Structure formats: structure tokens, C-alpha cells
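Beneath this line is the structure, given in C-alpha cells, with notes to follow.
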Amino acid sequence: MSRNQNRSKMDKIVSLAKRRGYIFQSSEIYGGLSSCYDYGPLGVELRKNIKETWWNDIVTSRENVVGMDSSILMHPKVWEASGHVENFTDPLVDCKQCKNRFRLDKGVHKFKCTNCNMKFHIKEGQIGGRKKYRECFDDLTASEPESYVNSTCPRCGKEESIILDKVACPKCGAADLTDPKQFNLMFKTHYGASEDSAHRIYLRPETAQGIFVNFANVSNAARAKLPFGIAQIGKAFRNEVTTRNFIFRSREFEQMELEFFVRPDASEKWHKEWIESRLEWYKKIGINEKNLQLREHGSDELAHYAKACVDVEYKFPFGWAELEGIADRQTYDLQQHIDHSGNKLTYYDQEQEEHIVPAVVESSAGVDRTMLTVLADAYWEDEANDRVVLSLSPQMAPIKAAVFPLVNREKMPEVARDIFEDLKGHLPVEYDDSGSIGRRYRRQDEAGTPFCITVDSQTLEDGTVTIRERDSLEQVRINKEHALQEIRDRIN
RNA sequence: GCGAGUGUAGUUCAAUGGUAGAACCUCAGCUUCCCAAGCUGAUGACGAGGGUUCGAUUCCCUUCACUCGCUCCA
């Protein structure tokens, strides 16, 4: 497909999502808030179904995985231990000339002496400049740039005479830079009514740390034995530099994370198992496997704590993109919290008769990305029948069935309403008697409803109704008393 | 964050320096015995804030949002 066609497919999904009540832009009446989205009546059902199938697959159906739900606000030291504070405090600048962005300390720092006008610069940790000036230094290996400010000039010997003249772009050499900016992906807020910095805390940028800090609590309470996992679904917040592609990357999002604790020597084996298991899950919720692939991180893109990481990717209209990362994090996380908190987050291995720090295999998936995947994968245009269809798997579909009277005459609406009333306590269903029957079928097709039950004149005679399947348009007659069971059977 | 582009009913599009039309959707009624039929009627928009002007949806500025390309993505 060409780019134009790809783009228009995303546009169509966005507009369908709004029209049918899946996804709205946040704060729309005030002009919208960038990258934040609200989920409407169908959206919230779809999200619930995604989360339920995940939870069922990861927690309920496994003996050795338990769930938890930690608070979004946590002690600030959690993020010092995890590395989230430290890794994102470097000031960054942009070169106005070549648009390069770099850490300020990576810029070319140009110094000069206010007394003798000696000049030198620091680039990539080396002192540079004219030969006659370089010779004034015993060693050309540079210290931190800040340490030269107000230092003694090595040429004329005058104290406190060196000043920082300018900082230039290491790429193009221009000294035309923006003011340094602090980039930290964590949202900051104040804890308590007082706004002094002592009470600064963060909205969690991932749910995983809530699991790690509860490692001892949960493993004791659950009497867990290795290998075992702790799972959590919850919101996380990141001040992303760029947000793009509808709900794909947003600043507020929901994660489904599993931290699976294993003996360190077994992490590789479990990493492989979870990769398979997670890929299967996406197929199970109805994603076309041709649109799924695994991608292993190269050593250059691995996070500092991870030994290996494999992404599950989906072929979106805008290209292949990451749905989930499955990482072998080794003992990094628990060890960091052991070091920072002083608590013994270890496991006593009965067989080896020793305390060990378990390694962890993490599966980190996004609810919102899964939702976009489900919608994009289900969307198609049935030109033969002139309709737009969301072929959601019955398990994912927000509305499982709709009930119609074929026409609004005789007793058909009453009979149809009775069937609807019987179903509605058990399944999400809709009743509709407006317009023509064809219009009502189309409406449900677009919303992704897999089944439509129609009451016609034969129903009044023998108590049977038609049940129509969304994708094939096939209809069969069943006894109206069996409608609930029939739909349940077809969902599973 | 930088550069380019785009903002008119729910959606897709018109028109205009004198405050806006349509189609589809939605709603109500009639009709309709199985796939967006028909008839009648109704609701509904110039993203926001300034400026120029007698008058701005239209021109200018700012801002917000979206799209694309960079950049970023523990």
C-alpha cells in the first residue's frame, strides 16, 4: 500500500473510533490536550476485555503468578534506585544551525584567559586549540568542563582568569545553541499541600517498580516459590518528547506488566518461554499472525540493566512498531532496591540452602497499543456488500449481540424486547428498532458486534429467531430460548 | 524541540471581507418480512484568543490540536 492509502486507513480508524464511541480526544471542547485520549462506551468495554483476557492468561490460569495493584505515587527513592531520576537529568541543548540535539557537557566548551587571551577548548574529553596554547598544559586529557571555570591560567599564571567563552555544537561547530533544557521523562508533582521541593514526587513512569518494591510482601504473603510471577495492570505517565500516531504513544497510558522471578541460571530459558507465550496471546485475541513479528534488540540498543530484550511488533498502517517488550533484566532491579533500601529482597533456596537474589524476566505490554492493534487489525471495507466492518473476535467485541424486530409491526418489537431483556443481564447487548433492518446490521458491523438476532413473523409462529454472523453474513434459525447459550458458545 | 502542512456540522467536502450550503450519519414520524431502499420533518459547524476593518469564517499575529519529515524514545 502507498503512504497515502496507509494514512487514510489510520484516518478512517480514528474517525470510526470517534463516531462509534471508542476513542475521543481528551478535553476536546477546549481544543484538545496533546496525546491524551478518552475512551467512550465501546472503548471502555474493549479495554476491559483486553485487560481481562490478559489477566486471565497471565494470572488466573497460572498457579505460580499472582496479581497486585500498587499506588501510582511512590516514595521518590524508588526512582533513584530504579535509575529513572539519574538517567534523565542531563541538560540538553539544540544547535540552532544544524538542529543537532546533544547533552550540554558533550558540546565543545571554549575557554579563554581574561588576562593573556590564551584560548583552548574541550572536545570529547580532550583539550584542544592552537599548538602554542596546548603546550601550556601538562596533560591534554580534560577534566569536567566546569572545573576550568575561574581556574588559574596555565600560560600567564594569573589566578581565576579562565572564563567559559562559549559552547559550540560538536557536529557543525556553530556556537548558536538554545538554552539548556532539563529533560526528564517523569511527571513531577507535589506531595501534600506545601509546594516546597522536599515534597516533590513523581507519577510512576512504569508499573514495574511497584512490583519490585513489594517483592518481599507479595512473595511472603503468597508463599511463593521460584519460579513465580507478579502481575499488575495500571496507568503510567511519561513526558515523551514526541507523541505520535493516535493512541500509540501517549503521555498517559496503561501498562500490563509481569515480573517473573527465576533462578539467575534459568533466566534465559524463561525468557524464551515468555516470548512464545506472549506472541501466542496476541494470536489468541484475534490478531492476524501475518501482522505480528518478534524483533530482538541489538547489543547497542539494550538498556543498561537488560541482558536480552525481544519486542513483539505489529504491522500498523504507519509501519512496524513495538507492542510489547520482553526483557531478561537479570537481578538488576532487586539488587538496586537492596542497595538503596537496605532491605533483604532475597529468596531462600531450600535446595541450595542459600539466599539468592532472583533474576527477573519482564513482559511489559501496553493496553492502549493493544487496543489500537485490535482495532487496526479488525478494520476492513467490504466493498461487495458496501459496508465497513470491525471483525473483532467475539471475545474482544464490546457488544456481543444486538436484537432487532424485523419490522415494527404485530408483536415483533415486544418479542424482541423480551429477548433483549433476557440477555442483558448476562452479556453486553443492544436493542435497536430504528430504520430498516439493513441499516441496523450495518451499524452493528461498524461497531464490531459479532451477532445479530432478528425477530420475524416466523418467530411469532414457532418461536425461532435468526442469528446473523457479522463477517460471513450467514444466518441460521434457532429457538429464541437458546439465544443466550448459542451466543455464549460462539464467543468461546 | 525544529521544519513543513492542515483546522468549516458526528463524518467527508463546498462557498464567501457583509456571520455559511450539501451528502452521508443521528433523531422523530410514515413506510418496510432480511442487509445503508423511499417519503416528511428536525438537531447540528467556521479550534481558541487578539489585531486590521464600518464589518473577519475569509487578511495578519499568537496559541491549541492534528498530519508528515527530522530529533527523541531508560
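Because the structure is predicted, anything quoted here is derived from the model rather than measured.
Note: CD1 (A:Ile29) to P (B:A65) measures 15 Å, nearest angstrom. Going from atom CZ of A:Phe404 over to atom P of B:C33 covers 17 Å, rounded to whole Å. One atom, CE of A:Met10, and another, P of B:C66, lie 12 Å apart when rounded to the nearest Å. Between A:Asp456 atom CG and B:U32 atom P there is a gap of 16 Å when expressed in whole angstrom units.
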- Go through A:Phe248 and A:Phe318 one step at a time and tell me if the ring-ring contact (aromatic ring centres under 6.0 Å, His included) criterion holds. CA-CA 11 Å; A:Phe248 181 78; A:Phe318 49 85; 5.5 Å; yes
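Looking only at side-chain heavy atoms (C-beta outward), A:His340 and A:Lys77 stay at 4.5 Å or farther from each other.
Under the 6.0 Å distance and 45° angle rule, A:Arg278 does not count as a cation-pi partner of A:Trp274.
Helical stems involving RNA chain B, defined as 3 or more consecutive Watson-Crick or G-U pairs under 3.5 Å, span B:1-7 with B:64-70, B:10-13 with B:21-24, B:26-30 with B:38-42, B:47-51 with B:59-63.
Residue contacts for A:Gln475: at a heavy-atom cut-off of 4.0 Å it reaches a base atom on one of the strands shown. Within 4.0 Å of A:Arg443, counting heavy atoms only, lie sugar-phosphate atoms of the nucleic acid but no base atom.
Checked against the 6.0 Å centroid criterion, the rings of A:Tyr39 and A:Phe24 do not qualify as a close aromatic pair.
Aromatic ring orientation, A:Phe261 versus A:Phe212: perpendicular (interplanar angle above 60°, classes split at 30° and 60°).
Among residues two or more places apart in sequence or in another chain, the ring-ring contact (aromatic ring centres under 6.0 Å, His included) test is passed with A:Tyr314 by A:Phe316.
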